[in-house]
Amino acid sequence: MNIPFLDLKSPYIELKDELDAAYRRVMESGWYILGREVQSFETEFAAYCETKYCIGVANGLDALHLIVRAYGIGPGDEVIVPSNTYIATWLAVTHAGATPVPVEPDERTYNLDPARIEQAITPMTKAILVVHLYGQTADMDPINAIAQKYGLKIIEDCAQAHGARYKGRRAGSLGDAAGFSFYPGKNLGAIGDGGAVTTNDNELSERIKVLRNYGSQIKYHNEVVGFNSRLDELQAALLRVKLTKLDECNERRRIVASSYIQDLTTITPLTIPFIPEWAEPVWHLFVVRQDRRDELQKMLAEAGIGTMIHYPIPPHLQPAYSDLGYKRGDFPISEAIHNSVISLPMWPGITEDSIVSVCASLHKVHSA
Ligand SMILES: *Cc1c(COP(=O)(O)O)cnc(C)c1O
């Protein structure tokens, strides 16, 4: 048996004609940076996310970093971040010179626990950077209420949540601004790096456009100290093709997830994903929890099943952030999650047979 954790080539095979045509269109256009493809993708992705504006940038980290900068958040300011996230969320804050203030997750959803946010707010707090981890949104209504009460910006990290909904509303439209990643393995993935900001805030949108392009609106006139962080024409053209299939791909992921859930609920040592009634997740990852996770991963590998750990080490224990002074035990919920999660094979084209085999292996491991 060989069931990979993720198959990145099958989406190309499936959409070959359309992707090849988009590639040729760009190659033959003679225009490769900030042109018609990026503009069209921005219009189409804003419509998809139900926001007024979308600005294409180079990657997901830049999308978040530029939002933090554009809101004027920097040294001396604090941004609330989840303790349980991928390190990019924190990097967006520290790259702008601000300080990340971690808040623990709800242990059932793995996302920011609204009940713990208020005690982390200080006079220096400027924003809450919310992550919709694994493709399921955080509980946004109470988070927005806190932001409103304290006058904080809400920034969404949507890198894993393209198309997810919260009470019927799309991820990317649930706060003041959102950052998306189009890294190949994401639900909407490019053939390389890419990212975008979505927002209804016109002023922010204009500032991001300037920041992504050397701080310049008119070529060679530089108003602010900017960056080179542009989505390129080729990636935009390929993303436009993939965007037309995103809902269908997310629906296939949903069917995969419900097959897993149905089959795996009977394995008691395994914690399967919890879906609050207001959530419509898009299953970027299918993550289960179990003690002695490393042993389980090894046994599945021996059976030919690829898995991944998202993530093995929380940001506060990474050597990169040793200067923040955190130690083991500071964020016990997040640490327990990091020690016990394991992600099962998940992509839109995974076959029913493969799902059955993964589940059978898990049953076998647990009956031994
Ligand atoms: C992938 C990811 C990012 C960063 O996206 P890149 O395009 O790789 O820069 C940020 N946050 C989360 C939660 C992610 O999964």
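Small disclaimer: the values here were computed from a predicted structure and weren't measured. Counting starts at 1 for both ligands and their atoms, in listed order.
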Inset, instruction - Give yes or no for whether the N/O distance cutoff of 3.5 Å, strictly under, is met between Lys186 and ligand 1. - result: yes

Legend entry - N or O contact, Gln160 vs ligand 1, cut-off under 3.5 Å: yes

Legend entry - NZ/NE/NH1/NH2 to OD/OE distance under 4.0 Å, Asp247 and Arg170: yes

Inset, instruction - Using distance alone, decide if ligand 1 has a nitrogen or oxygen within less than 3.5 Å of any nitrogen or oxygen in Ala159. - result: no

Legend entry - Asn59, portion touching ligand 1 at heavy-atom distance under 4.0 Å: both

Inset, instruction - Fit a plane to each ring of His162 and Phe180, take the angle between them on a 0 to 90° scale, and name the class: parallel (under 30°), tilted (30 to 60°) or perpendicular (over 60°). - result: tilted

Legend entry - By ring-ring contact (aromatic ring centres under 6.0 Å, His included) - contacts of Tyr53 (at least two apart): none

Legend entry - Pairing of Arg252 and Glu14 as salt bridge, 4.0 angstrom limit: yes

Legend entry - Positive for salt bridge (Lys or Arg N to Asp or Glu O under 4.0 Å) with Arg240, one of Glu42, Glu37, Glu233: Glu37

Legend entry - Distance-only N or O hit between ligand 1 and Leu61, under 3.5 Å: yes

Inset, instruction - Please examine the side chains of Ile155 and Ile128, heavy atoms only from C-beta on, and report whether any two atoms are closer than 4.5 Å. - result: no

Inset, instruction - Would you check the N or O atoms of Tyr86, main chain and side chain alike, for any that come under 3.5 Å of an N or O of ligand 1? - result: no

Legend entry - Options Gly179, Ala88, Gly135, Ala196, ranked by nearest heavy atom to atom 10 (C) of ligand 1, top entry: Ala88

Legend entry - Selection from Ala58, Ala63, Ser181 by shortest heavy-atom distance to atom 5 (O) of ligand 1: Ser181

Inset, instruction - Report yes if some N/O of Asp157 lies less than 3.5 Å from some N/O of ligand 1; otherwise report no. - result: yes

Inset, instruction - Report whether Ile3 and Leu264 are members of the same hydrophobic cluster (ILVMFWY, side-chain heavy atoms less than 4.5 Å apart, transitive linking). - result: yes

Inset, instruction - Would you check whether His284 reaches within less than 4.0 Å of ligand 1, judged by its heavy atoms? - result: no

